[in-house]
Colleague: 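What follows is a single structure, and I will ask about it in a moment.
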2 protein chains.
Amino acid sequence: MAEDAPRRQPTLDEVTELAGVSRSVASRAINNAPHVSRAKREAVERAVRQLGYVPNPTARALATRQTGAAALVVSGEDPSIFADPFFAQVIVGASAALEEADLHLMLCLAASDRSRKRVEGLVRSKGADGVMLMALREDDPLARMAEEAEIPVVFGGRPVGTVPRWYVDVDNVGGAREATEYLVSRGRTRVAAICGRLDTEAGRARYRGYRDAMLAAGLGPFPPQEGDFTEPSGAAAMAALLVNHPDVDGVFAANDNMGAGALRALREAGRLVPADVAVVGFDDLAVAQIADPPLTTVHQPLTAFGREMARMLVALISGQDPSPLILPTHLVTRASA
Amino acid sequence: MAEDAPRRQPTLDEVTELAGVSRSVASRAINNAPHVSRAKREAVERAVRQLGYVPNPTARALATRQTGAAALVVSGEDPSIFADPFFAQVIVGASAALEEADLHLMLCLAASDRSRKRVEGLVRSKGADGVMLMALREDDPLARMAEEAEIPVVFGGRPVGTVPRWYVDVDNVGGAREATEYLVSRGRTRVAAICGRLDTEAGRARYRGYRDAMLAAGLGPFPPQEGDFTEPSGAAAMAALLVNHPDVDGVFAANDNMGAGALRALREAGRLVPADVAVVGFDDLAVAQIADPPLTTVHQPLTAFGREMARMLVALISGQDPSPLILPTHLVTRASA
DNA sequence: AGCGCTATTGGGAGCGCTCCCAGTGGGAGC
DNA sequence: GCTCCCACTGGGAGCGCTCCCAATAGCGCT
C-alpha cells in the first residue's frame with residue numbers, strides 16, 4: 001500500500017480533459033470501439049498512460065448491467081466436501097475458460113444456511129453474470145433457487161430427479177459399466193459395488209452402470225454398499241463387504257477415495273490385491289496413483305469438465321443457447337485390477 | 001431462468017414510491033440505519049417484500065466505493081499447483097471468515113502472464129476491497145504489484161527475500177526442526193532432507209529447520225535434495241538419495257506429497273519403512289493417512305491459515321492495523337517413523 | 001456548386017444507490 | 001408561552017462509465 005499518494009484514482013473525465021476530447025470519444029477509444037479517429041485515439045492513449053488511468057469496473061458494471069464475474073457454487077452439508085481434490089481440478093478448468101471471456105471467478109462454498117442465503121442473495125441481486133452449480137444433493141435448497149434465477153445457471157453434474165436445461169456431466173453410467181465389465185473380463189464373478197451417496201446423481205448413476213454391466217454379464221449384482229465418497233467410508237464399506245460376502249473377488253468403488261479405503265481394508269484383512277480381490281475406482285485423482293497397489297480407475301476429464309461448464313455459461317451469458325454436454329470417461333488400468 | 005417476467009428488477013425508487021417515503025428513508029430502512037421512524041420502517045419493509053426488491057450491489061458499490069469482495073490469488077508457473085489439496089483447505093477457512101464479514105471470495109489462479117495481468121488490473125482498478133496473496137516465488141512479478149497496490153494486501157506465507165507488512169505464515173522452521181529432532185530421537189543419525197522448491201520461502205525455511213536440528217544434534221546435515229513439492233519429485237529425490245547415500249536411515253520430506261513419493265521409491269528399492277529408513281513429511285494432508293505406511297508428519301492448521309488470512313484482511317479493510325501472525329505446527333506420529 | 005452519405009464528435013441522460021444537508025415538527029426545559 | 005434540541009425527512013448531488021442521438025465534417029459525384 002503506497003500511502004504516499006492518497007489522491008483519488010483518475011477518472012474518465014480527467015482523461016477526457018487531458019486528451020482534449022469528449023467523454024464519448026475517450027470511452028470509445030478505451031474500449032477500442034469504432035468511430036474514433038486515429039489522432040484522438042492516440043491522444044486518449046497518451047492521456048491514459050500519463051494519468052495511469054484504469055477504468056472503474058464498478059461504474060462500468062452499473063452502466064452496462066454486467067458484473068464481469070461468474071460464480072461457482074459448491075453445495076454440501078459441510079465445507080469439508082470441498083477438500084476433495086476433485087473440485088480443485090474443475091476449478092482450474094473453469095478458471096481458464098472464464099479468463100478467456102474476461103470474467104472473474106467468485107467461489108461460493110454453500111455449506112451452511114448462512115452461506116446458502118448469501119448465494120441466493122448473489123443470484124437474486126444479479127451480483128454475478130451467471131452461476132455454475134455443483135454437487136447438489138437430493139432436495140437441495142439451491143435447486144429451487146436455480147429455477148427462479150434470472151441469470152444463467154449451468155449445472156455441473158445433474159441434480160437428482162430433474163434434468164436441468166443446461167448442464168455438463170461425465171458419463172457416469174458408461175464409466176461404471178466399463179469398470180465393471182473390465183473386472184468381469186478378468187474373470188471376476190463376485191463383484192461388489194461400494195457406491196457413493198445415493199442422494200447424489202453421480203452415486204446413483206455409477207451404481208446403475210455397475211448393475212447394468214453385472215446383469216448383462218449374467219452375474220448377480222450386489223446390493224449397494226453405500227459410502228459417502230470418503231476414504232474411511234470406503235474402508236468401512238469394504239470391511240462390511242468382507243463380513244457379509246467373504247468370497248467377494250472384485251470391487252467397483254464409486255470413487256478413488258473409497259477405492260483407496262477399500263485397499264486399506266483389504267490390506268488390514270490380509271487379502272491380496274489384485275490376487276484375491278481386484279479393485280477399480282473412479283475419478284483418476286492423484287490418490288489412485290499413490291495408492292498401493294496403484295488403483296485401476298475410471299478417468300474423468302475434470303479440467304475439461306470445469307472448462308466446458310464455464311464455456312457453456314459464457315455462451316449463455318452472451319445470449320446463445322448451448323446444448324448440454326456429457327463428457328466421456330475411460331478406464332485407466334493399473335495394478336489393482 | 002424464469003423468462004416469464006422479463007421486467008426489470010425493482011429499484012429503490014419503486015420501493016420509495018410504494019412505501020410513500022423518500023429515497024433517503026427507504027435507503028436507511030433497508031440498511032437498517034438509525035433515524036427512521038418505526039412506522040416508515042415497516043412501510044418500507046412491506047414494500048420491499050411486496051416488490052421482491054433486492055438492492056443492486058453494483059450501484060451500492062459505486063456509491064460506497066466498496067466492492068464487497070476480496071480476492072485470493074494463487075501464484076504459480078502453471079495452474080497445476082492449485083491441484084494441491086493444500087489450497088482447498090486454506091480456501092475453506094478463508095471463505096468462512098470472509099463470510100462473517102459479508103465479503104465474497106474471488107479466486108484468481110495467476111499462472112500465466114495473461115492471468116497475472118488480470119490480477120494486476122483487478123488490484124489497480126480496485127475491483128476488490130483487498131487481496132490475499134499465496135505461493136509467491138522468488139522474483140514473483142506479483143510481489144511488485146503488491147507493493148504498489150492501493151488496497152490492502154495480506155500475504156499467505158512470506159515471500160522470499162522480503163518480509164511484508166502483513167502476513168500469515170506457519171512456523172516452517174520450527175516444524176521442520178521438530179520433525180528432524182524426532183527422527184534423531186528415534187536413533188536415526190543419517191537423516192536426509194528432501195526439500196521443496198528453494199525459490200519459495202517455505203522450501204527454504206523447512207530446510208533451515210532441518211539443518212538447525214541436525215547441527216544442534218551434532219550430526220551432519222545432508223545438502224538439500226530438491227524436489228518441487230510433487231509426489232514424483234519426492235520419489236525421484238529419494239531414488240537419488242539412495243544412490244548417493246545408500247546408508248541413509250531417515251528422511252525429512254518438506255511436504256507430504258514428496259513424503260509419499262519417498263515412500264514409493266523406498267518400497268520400489270526394497271527398503272522397509274520405518275525399519276530401514278524412517279520418513280517424516282510436512283502438511284498432514286489426507287495423503288499422509290492414506291500412504292502406506294501412514295506418514296508421520298508435521299501438522300499445519302490450514303483452515304486456520306485461511307481463516308486468519310481473511311480476518312487480517314478484513315481488519316485492514318476496516319481500517320485497523322493487525323499484526324503478522326505465525327501459526328504453530330505440531331508433529332503427528334504415525335507408522336512411517 | 002449542391003447533394004447525399006458516411007465517419008466522427010460531443011452532449012447529456014441515465015445505471016441504482018448513498019449520504020450530506022437543510023429543513024420540520026414536537027416535546028422538554030425554563 | 002417560548003426557546004432549544006433532536007429525532008426524522010426528503011431533496012439532490014454525486015459515484016464513474018456507457019451509449020443513444022443529434023450535430024458536424026468531410027468527400028466523392030453529378
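Small disclaimer: the values here were computed from a predicted structure and weren't measured.
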Colleague: For A:H35 and C:dT9, give me the distance from atom NE2 to atom C1', rounded to whole Å.
Modeller: 11 Å
Colleague: I want to check one thing: is the phosphate of D:dT18, taken as OP1 and OP2, less than 4.0 Å away from some side-chain N or O of A:S27?
Modeller: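 So the side chain of A:S27 is within the cut-off, an N or O lying under 4.0 Å from OP1 or OP2 of D:dT18.
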Colleague: Using whole Å, what does the distance between atom P of nucleotide D:dG10 and atom CG of B:D13 come to?
Modeller: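 Checked: the CG to P distance equals 13 Å.
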Colleague: Could you tell me if the side chain of A:T67 sits less than 4.5 Å from the side chain of A:L103, heavy atoms only?
Modeller: no
Colleague: Would you mind classifying the nucleic acid contact of A:T11 as base, sugar-phosphate or nothing, using non-hydrogen atoms under 4.0 angstrom?
Modeller: sugar-phosphate
Colleague: Do B:F87 and B:L302 have side chains that approach each other closer than 4.5 Å (heavy atoms only, starting at C-beta)?
Modeller: no
Colleague: Provide, to the nearest angstrom, the distance between the CD atom belonging to B:E17 and the P atom belonging to C:dC17.
Modeller: 14 Å
Colleague: Hey, does A:D199 have a side-chain heavy atom less than 4.5 Å from the side chain of A:V160?
Modeller: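 No, every pair of side-chain atoms sits at 4.5 Å or beyond.
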Colleague: Considering only NZ, NE, NH1 and NH2 on the basic side and carboxylate oxygens on the acidic side, decide whether B:E42 and B:R38 come within less than 4.0 Å.
Modeller: yes
Colleague: Between the base of C:dG16 and the side chain of B:T58, is one N or O donor paired with an acceptor at under 3.5 angstrom?
Modeller: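 When only heavy-atom distances are counted, B:T58 does not reach the base of C:dG16 through any donor-acceptor pair under 3.5 Å.
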Colleague: Working to the nearest 0.5 angstrom, can you tell me the gap between B:K117 NZ and A:E99 CD?
Modeller: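 It is 12.0 Å, given to the nearest 0.5 Å.
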Colleague: With a non-hydrogen cut-off below 4.0 angstrom, is A:R23 in contact with a base, only sugar-phosphate, or nothing?
Modeller: base
Colleague: Rounded to whole angstroms, how far apart are CD1 on B:I30 and P on C:dG16?
Modeller: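 Rounding to the nearest Å, CD1 of B:I30 and P of C:dG16 are 14 Å apart.
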Colleague: Give the rounded distance in Å between these two atoms: CG of B:L12 and P of C:dG14.
Modeller: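 One finds 18 Å between P of C:dG14 and CG of B:L12, rounded.
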Colleague: Looking at the side chain of A:V21, which of D:dT18, D:dC15, C:dG10 is the nearest nucleotide?
Modeller: C:dG10
Colleague: Whole Å only: how far is the CZ atom of A:R41 from the P atom of C:dG10?
Modeller: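 It works out to 14 Å between those atoms.
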Colleague: Is there a side-chain polar atom (N or O) of B:S22 under 4.0 Å from OP1 or OP2 of D:dG11?
Modeller: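 Result: no.
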Colleague: Could you list the donor-acceptor pairs under 3.5 angstrom formed by side chains in residues 18-26 of chain A, with sequence neighbours left out?
Modeller:
{"from": "A:S22", "atom 1": "OG", "to": "A:S24", "atom 2": "N", "distance (Å)": "3.4"}
{"from": "A:S22", "atom 1": "OG", "to": "A:V25", "atom 2": "N", "distance (Å)": "3.3"}
{"from": "A:R23", "atom 1": "NE", "to": "A:D13", "atom 2": "OD1", "distance (Å)": "2.8"}

Colleague: Work out how much the helix from C:dA1-D:dT30 to C:dC30-D:dG1 bends between its end axes, five pairs an end, to the nearest 10 degrees.
Modeller: 40°
Colleague: Does a side-chain N or O of A:R60 approach OP1 or OP2 of D:dT18 to a distance below 4.0 Å, or not?
Modeller: yes
Colleague: Starting at CD of A:Q66 and ending at C1' of D:dT18, how long is that distance when rounded to a whole Å?
Modeller: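 Value for this atom pair: 12 Å.
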Colleague: Within the 4.0 Å heavy-atom criterion, would you say A:R28 contacts the bases, only the backbone, or no part of the nucleic acid?
Modeller: base
Colleague: D:dT9 phosphate, OP1 or OP2: any side-chain N/O from B:S37 under 4.0 angstrom?
Modeller: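 Yes, because at least one side-chain N or O of B:S37 sits under 4.0 Å from OP1 or OP2 of D:dT9.
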Colleague: For residues A:F82 and B:I91, determine if any side-chain heavy atom of one lies less than 4.5 Å from a side-chain heavy atom of the other.
Modeller: yes
Colleague: OP1 or OP2 of D:dC15 versus the side-chain N and O atoms of A:N56: is any pair under 4.0 Å?
Modeller: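 No.
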Colleague: Mind calculating the distance between CZ (A:R65) and P (D:dC19) to the nearest angstrom?
Modeller: 11 Å
Colleague: Identify, between B:S24 and A:A63, the residue whose nearest nucleotide on DNA chain D lies closer to the 5' end.
Modeller: B:S24
Colleague: Can you tell whether the side chains of B:R144 and B:E148 come within less than 4.0 Å, N to carboxylate O?
Modeller: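 Looking at B:R144 and B:E148, the cut-off is met.
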Colleague: NA contact type, A:P55, heavy-atom cut-off 4.0 Å: base, sugar-phosphate, or nothing?
Modeller: sugar-phosphate
